[in-house]
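Inspection log for the structure reproduced underneath, given as structure tokens.
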Amino acid sequence: MSDNQLPPLSDIVVFEMAGLAPAPFAGLVLSDFGANVIRIDRPRIMNTDVLNRNKRSIALDLKNPLAIHTLLYLLKQADVLLDPFRPGVMEKLGLGPQVLLTLNPRLIYARLSGYGQSGPMSQIAGHDINYLAISGALSLLGRQGEKPFFPVNILADFAGGGLMCVMGILMALIERSKSGKGQVIDANLTLGTSYLTTFPYLMQKHGLMWEGERGTNLLDGGAHFYEVYKTKDNQHMAVGAIEPQFYACLLEKLNLKTDELPNQMDRISWPEMKIKFQHIFSTKTQQEWISIFEGSDACVTPVLSFNHKEKEKIAVTATIPQPAPILSRTPAKRLLTTTTTTTTNEFPFLESGKHSIDILTEFGINSNQITKLLASNAVVDNNSKL
């Protein structure tokens, strides 16, 4: 990216109220694509949030009226505010949407919550697994005859929550370019996760790919050609040969003859075929299977961990998760990998209040006012020289 091709969000100012995974991830995505993301931290708190790449921190004691007054001044110049709290918390601080949108009518006020801003569950605590359960997504995940199983916390927190929130922010920014007005975004993690299940919901409703109980269908572990198999060295290969031409390629690589096997879509034969496939995959190491399937359309890939030594050689993704999608003219800030397990521009933690004075100065607050704020402990700067 040349100097005159700035990232797409380089003129967007985002204030992120410090919180847990969904809001910091939304802030991370915005910062990766060039937004000026400033995290509002509590003073003298050891922050263990790792989703702080390209962000800065200002520490404000929001119990202090001077801190609230200062934040209101800063938010006059903001484009986006990320609110990770339960409904009503920001209102109690005097920072609710009615106040802020009156102060700054162009503000996009993005609220992330488990069950939405209103309704009987809006004030109830929850985590990713609970939002999966209520949304219906969890009922789809797991093996036949076993209890539903959750994919760590990436589905509701990050996909249904943080990423859906970013989508809402971007749509609101587009709309603001026409109307000149901001708006409130209700990024409900349960509703967002439910939205992600649109495809299986409709397929099940029409009796297509989800006909039987969990774990017996085409894409949930029932089919032998859409499954994970253990290799000789206790590693794994993922098989996704759904289309007939890909399935034929898979059989060829496994040295199996189509005319000696049941029809691919003969559901009764799937359990037996899974046993056959497992036996074949257990005869070779993962690396041997990688060599066999390399460059083919069999839709077979190795199951790689983050630190797999060959990951960058055999996969389209690097050992470190990179910003996506890729923009041709104004891409996101790519992470610079090093020979260690960290990166040169991916700091593990962001110290609370590390940039307080810099941020206040940047937003037009003079040195006398800053001195008063520091003296009152409304603002804390860990690098203070005043």
Side-chain angles (χ1 to χ4, degrees), residues 13-31 37-52 55-65 67-72 74-75 78-104 107-131 134 153 156-158 160-169 172 182-193 350 352-353 378-380:
V13 176
V14 178
F15 281 89
E16 174 193 316
M17 306 299 292
L20 298 177
F25 182 65
L28 176 75
V29 174
L30 296 171
S31 71
V37 179
I38 299 167
R39 195 176 68 197
I40 308 297
D41 281 313
R42 287 184 292 170
R44 301 181 182 87
I45 294 294
M46 175 59 185
N47 201 306
T48 57
D49 177 22
V50 296
L51 299 171
N52 51 56
K55 300 178 186 178
R56 293 181 296 164
S57 169
I58 180 172
L60 296 172
D61 179 4
L62 296 181
K63 295 179 181 179
N64 188 318
I68 296 294
H69 179 77
T70 301
L71 183 53
L72 287 171
L74 297 175
L75 290 173
D79 293 290
V80 179
L81 174 66
L82 291 171
D83 166 20
F85 304 131
R86 288 197 209 188
V89 171
M90 290 290 278
E91 282 83 353
K92 290 178 182 178
L93 292 170
L95 300 169
Q98 288 187 331
V99 173
L100 296 187
L101 285 171
T102 300
L103 189 71
N104 178 0
L107 180 67
I108 294 164
Y109 196 121
R111 316 194 79 170
L112 293 107
S113 64
Y115 303 109
Q117 294 299 309
S118 61
M121 298 188 71
S122 63
Q123 294 296 324
I124 297 175
H127 281 295
D128 188 286
I129 191 171
N130 307 116
Y131 313 139
I134 296 296
N153 71 323
D157 278 353
F158 296 101
L163 202 56
M164 284 290 185
C165 181
V166 170
M167 184 178 73
I169 290 169
Q183 59 184 302
V184 179
I185 297 169
D186 182 355
N188 174 338
L189 273 65
T190 302
L191 185 63
T193 305
L350 175 59
S352 171
V379 176
V380 172

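Positions are given from 1, in the same order as the sequence printed here. All of these numbers come straight from a predicted model, not from anything done at the bench. All values below were derived from every heavy atom in this structure, side-chain atoms included, with hydrogens, water molecules and symmetry-related copies excluded.
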Please check if atom CZ in R56 has more than 12 non-hydrogen atoms from other residues, nucleotides or ligands closer than 6.0 Å. yes
Which heavy atom of A78 sits nearest a heavy atom of F15, and at what distance? CB-CD1, 3.6 Å
Could you list the donor-acceptor pairs under 3.5 angstrom formed between side-chain atoms of residues 19-26 and any protein atom two or more places apart in sequence or on another chain?
none

Gap separating the CG atom of N64 from the CG atom of L71, nearest 0.5 angstrom: 12.0 Å
What distance separates M90 CE from Q98 CD, expressed to the nearest 0.5 Å? 13.5 Å
From L107 atom CG to T102 atom OG1, the distance as rounded to the nearest 0.5 Å: 11.0 Å
Could you check if a side-chain atom of Q123 sits within less than 4.5 angstrom of a side-chain atom of P87, using non-hydrogen atoms only? yes
Which atom of S113 lies closest to which atom of D186, heavy atoms considered: OG-OD1, 4.2 Å
Apply the test side-chain contact (heavy atoms from CB on, under 4.5 Å) to residues L82 and I169: give CA-CA distance (whole Å), side-chain angles for both, the deciding distance (0.1 Å), then the verdict. CA-CA 10 Å; L82 291 171; I169 290 169; 3.8 Å; yes
Quick one: list whatever passes salt bridge (Lys or Arg N to Asp or Glu O under 4.0 Å) with D41, sequence neighbours left out. R39
Are side-chain heavy atoms of L95 and F85 found at a separation under 4.5 Å? no
Sequence neighbours excluded, the answer for salt bridge (Lys or Arg N to Asp or Glu O under 4.0 Å) partners of D79 is R176
Suppose the criterion is salt bridge (charged side-chain N to carboxylate O under 4.0 Å, His left out): which pairs have a residue in residues 117-128, not counting sequence neighbours? none
Evaluate the side-chain contact (heavy atoms from CB on, under 4.5 Å) criterion for residues L74 and I58: first the C-alpha distance (whole Å), next the side-chain angles of each, then the deciding distance (0.1 Å), finally the verdict. CA-CA 11 Å; L74 297 175; I58 180 172; 4.1 Å; yes
Hey, is the main chain of Y115 close enough, under 3.5 Å, to the side chain of T190 for a donor-acceptor pair? no
Locate the shortest heavy-atom distance separating R86 from A125; write the atom from each residue and the value. NH2-CB, 3.4 Å
What is the minimum heavy-atom distance between L100 and L81, and which atoms define it? CD1-CD2, 3.5 Å
Value for OH (Y131) from CG (L189), rounded to nearest 0.5 Å, stands at 6.0 Å
To the nearest 0.5 Å, what is the distance between NZ (K63) and CG (L93)? 10.5 Å
Distance (rounded to the nearest 0.5 Å) between L101 CG and L75 CG: 10.5 Å
Could you pull out all residues at least two apart from D83 that satisfy salt bridge (Lys or Arg N to Asp or Glu O under 4.0 Å)? R111
side-chain contact (heavy atoms from CB on, under 4.5 Å) between L163 and F158: does it pass, once the steps are laid out? CA-CA 6 Å; L163 202 56; F158 296 101; over 6 Å; no
Side chain to side chain donor-acceptor pair (under 3.5 Å) pairs, two or more places apart, involving residues 19-31: none
Residue pair I108 / G182: nearest heavy atoms and the distance that separates them: CG1-CA, 4.3 Å
Hey, does N130 have a side-chain heavy atom less than 4.5 Å from the side chain of M121? no
Step by step, would you call N52 with S57 a side-chain contact (heavy atoms from CB on, under 4.5 Å)? CA-CA 9 Å; N52 51 56; S57 169; over 6 Å; no
Smallest heavy-atom separation, P97 atom then E91 atom, equals CD-OE2, 3.5 Å
